[in-house]
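The block underneath contains the structure these notes are about, expressed in structure tokens.
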Amino acid sequence: MMPDFTPLYRFATYPAGALQAQSGANAGDPIGLGPAAIPGDTYRLAREAGPEQLHICESPQLGQVVANGSQVGQPGEALTIADCHSLMGPSGETVEVLVLRRTVDRDETTLHLLPLSPIRPTVEYELIGSSPALAPARFADIVSVSFFAGTRITLAGGAQAPVESLQIGDMILTRDHGPRPIRWIGHQTRRATGAAAPIRITAGTLHTARDLLLSPEHRLFIWQRRDALGTGRAEVLVKATLLVNGKTVRRDEGGHIDSYQILFDGREVIFAEGIAVESLLVTSEMRAHLPEGIALENIAAERRAAATLEVDARALGDSADAAERLTRASRGQDD
């Protein structure tokens with residue numbers, strides 16, 4: 001059987017060489033790992049540095065690996081979330097950067113940078129600390145599919161309940177399989193900053209009944225009456241982060257927020273604030289937190305099925321009006 005390298009995540013990354021020390025002990029060198037990165041050194045992203053799309057999937061044998069369609073690396077190359085650097089900008093803003101180590105072959109590895117907040121070229125940032133131990137948790141923060149406190153979830157009988165009031169065993173209305181019981185609920189309090197800041201979809205956009213907060217990687221299910229995206233199908237999945245336009249869909253930065261993950265016996269599409277969104281799709285980071293006895297045999301097949309429906313930034317076109325175009329398409333209206 002051929003290996004399955006279907007993308008699960010897509011991120012804009014930079015080669016480590018694009019972020020070089022301008023002063024300090026490592027002046028002239030790219031940012032490194034662990035003790036090689038010395039607090040107090042200042043770094044600057046090269047003006048000519050352009051982001052490259054890194055597609056990631058998860059292999060049962062290798063863990064995270066490069067996925068199909070990636071601009072970085074070759075499918076199947078192993079990835080390690082190796083470090084998390086904290087940098088301070090000239091105005092006191094903090095930028096966290098994850099360092100991903102890609103194994104090219106047995107004797108060669110290369111480093112890639114995944115900024116968790118926007119990092120501006122030509123601006124000097126001071127390295128204030130590094131934490132390899134924190135890196136996997138910060139990666140989990142940005143890939144988790146969470147609902148946030150106050151979000152109303154549709155129950156099997158049609159009533160709505162705040163996500164924080166739900167309990168294991170509650171029956172939830174699913175789009176494809178009718179009422180289904182909740183098998184597990186996860187809860188964390190996390191910082192609402194950078195790549196982990198929730199996306200706010202304002203009331204009325206995509207037919208939301210009220211403002212809806214979703215994690216950036218959370219996928220919305222949209223049924224197009226008119227194929228506005230040219231995908232050749234009516235059903236599409238769109239990540240919330242791709243719809244950000246600064247107006248009707250925007251990042252909700254600042255403070256801390258309570259997040260909840262809802263797990264069923266399989267991947268489901270449920271209803272939050274009246275619109276269809278995915279439930280938790282289990283990742284390797286999440287699997288470690290699940291109680292024993294939850295069967296997850298169909299994970300790989302569910303990911304492949306979901307991947308066939310997901311659209312990327314190229315299909316969406318201009319993000320400034322993507323949400324409005326999809327809202328009109330779901331009503332069957334022409335542009």
Side-chain angles (χ1 to χ4, degrees), residues 7 9-57 62-67 69-143 191 193-197 216 253 285:
Y9 318 117
R10 298 172 174 87
F11 294 112
T13 62
Y14 297 91
L19 189 65
Q20 290 198 346
Q22 304 301 301
S23 63
N26 289 315
D29 294 334
I31 197 162
L33 296 173
I38 299 176
D41 287 1
T42 61
Y43 287 85
R44 187 167 64 199
L45 183 67
R47 184 188 299 273
E48 65 276 10
E52 300 174 314
Q53 284 290 314
L54 173 60
H55 293 186
I56 302 174
C57 66
L62 298 174
Q64 280 134 358
V65 299
V66 177
S70 180
Q71 292 180 312
V72 176
Q74 297 297 318
E77 292 178 340
L79 293 166
T80 304
I81 315 301
D83 212 338
C84 179
H85 295 313
S86 296
L87 303 141
M88 181 176 291
S91 300
E93 72 276 19
T94 300
V95 175
E96 288 184 315
V97 177
L98 293 182
V99 184
L100 282 61
R101 181 192 292 114
R102 176 170 61 92
T103 301
V104 179
D105 57 37
R106 186 168 56 184
D107 300 317
E108 181 183 356
T109 63
T110 184
L111 302 180
H112 304 274
L113 308 178
L114 171 54
L116 302 187
S117 302
I119 185 167
R120 294 173 289 164
T122 74
V123 173
E124 292 197 0
Y125 295 88
E126 180 181 347
L127 180 66
I128 57 177
S130 302
S131 178
L134 179 64
R138 293 298 287 135
F139 184 77
D141 282 348
I142 66 173
V143 302
R191 289 184 293 174
T193 57
E253 289 265 5
E285 289 84 7

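Computation of the quantities below employed the complete heavy-atom set of this structure, encompassing side-chain atoms and omitting hydrogens, waters and symmetry-equivalent molecules.
Each of Arg101, Glu52, Arg102 was compared with His112 under the side-chain hydrogen bond (donor to acceptor under 3.5 Å, both in side chains) criterion, and only Arg102 meets it. With Val99 as the partner, the side-chain contact (heavy atoms from CB on, under 4.5 Å) test is satisfied by one option alone out of Leu19, Leu33, Leu114: Leu33.
Judged by distance alone, the side chain of Glu77 and the main-chain N or O of Gln74 form a donor-acceptor pair under 3.5 Å. In this structure a side-chain-to-backbone donor-acceptor pair under 3.5 Å is present from Gln22 to Gln20. In this structure, Tyr125 contributes its side chain and Arg120 its backbone to a donor-acceptor pair below 3.5 Å. A donor-acceptor pair is defined here as one N or O able to donate and one able to accept, closer than 3.5 Å; such a pair exists between the side chain of Asp41 and the backbone of Asn26. Proximity of a side-chain donor or acceptor of Ser130 to a complementary backbone N or O of His85 within less than 3.5 Å is not detected.
Closest approach of Ala12 to Pro115, counting heavy atoms only: O-CD, 4.0 Å. Here the shortest heavy-atom pairing between Ala197 and Pro216 reads O-CG, 3.2 Å. Nearest heavy atom pair, residue Pro90 against residue Val123, reads CD-CG1, 3.4 Å. Of all heavy-atom pairs between Ala46 and Pro121, the closest is O-CB, 3.9 Å. Across every non-hydrogen atom of His55 and Pro7, the tightest pair is ND1-CG, 4.0 Å. Here the shortest heavy-atom pairing between Ile38 and Pro35 reads CG1-O, 3.8 Å.
In this structure, the separation between CD1 on Ile81 and CG on Leu134 is 12.0 Å, given to the nearest 0.5 Å. Ser23 contributes atom OG, which lies 6.0 Å from atom CD of Glu124 (distance to the nearest 0.5 angstrom). Going from atom CG of Leu79 over to atom OG1 of Thr109 covers 11.5 Å, rounded to the nearest 0.5 Å. Distance check, rounded to the nearest 0.5 Å: CZ of Arg10 to CD of Gln53 gives 8.5 Å. The CG atom of Leu45 lies 11.0 Å from the CD1 atom of Ile31; values are rounded to the nearest 0.5 Å.
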Q) side chain to side chain contact (heavy atoms under 4.5 Å, CB included) between Thr13 and Leu113: does it pass, once the steps are laid out? A) CA-CA 5 Å; Thr13 62; Leu113 308 178; 6.0 Å; no
Q. Would Leu100 and Ile56 satisfy side chain to side chain contact (heavy atoms under 4.5 Å, CB included), going step by step from the backbone distance to the final call?
A. CA-CA 11 Å; Leu100 282 61; Ile56 302 174; 4.1 Å; yes
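For the pair Pro39/Ile128, no side-chain contact is recorded, criterion being any heavy-atom separation below 4.5 Å from C-beta on. Two residues are said to be in side-chain contact when any heavy atoms from C-beta on lie closer than 4.5 Å; Phe11 and Val72 fail this criterion. Using a 4.5 Å heavy-atom cutoff, the side chains of Val65 and Cys57 are in contact.
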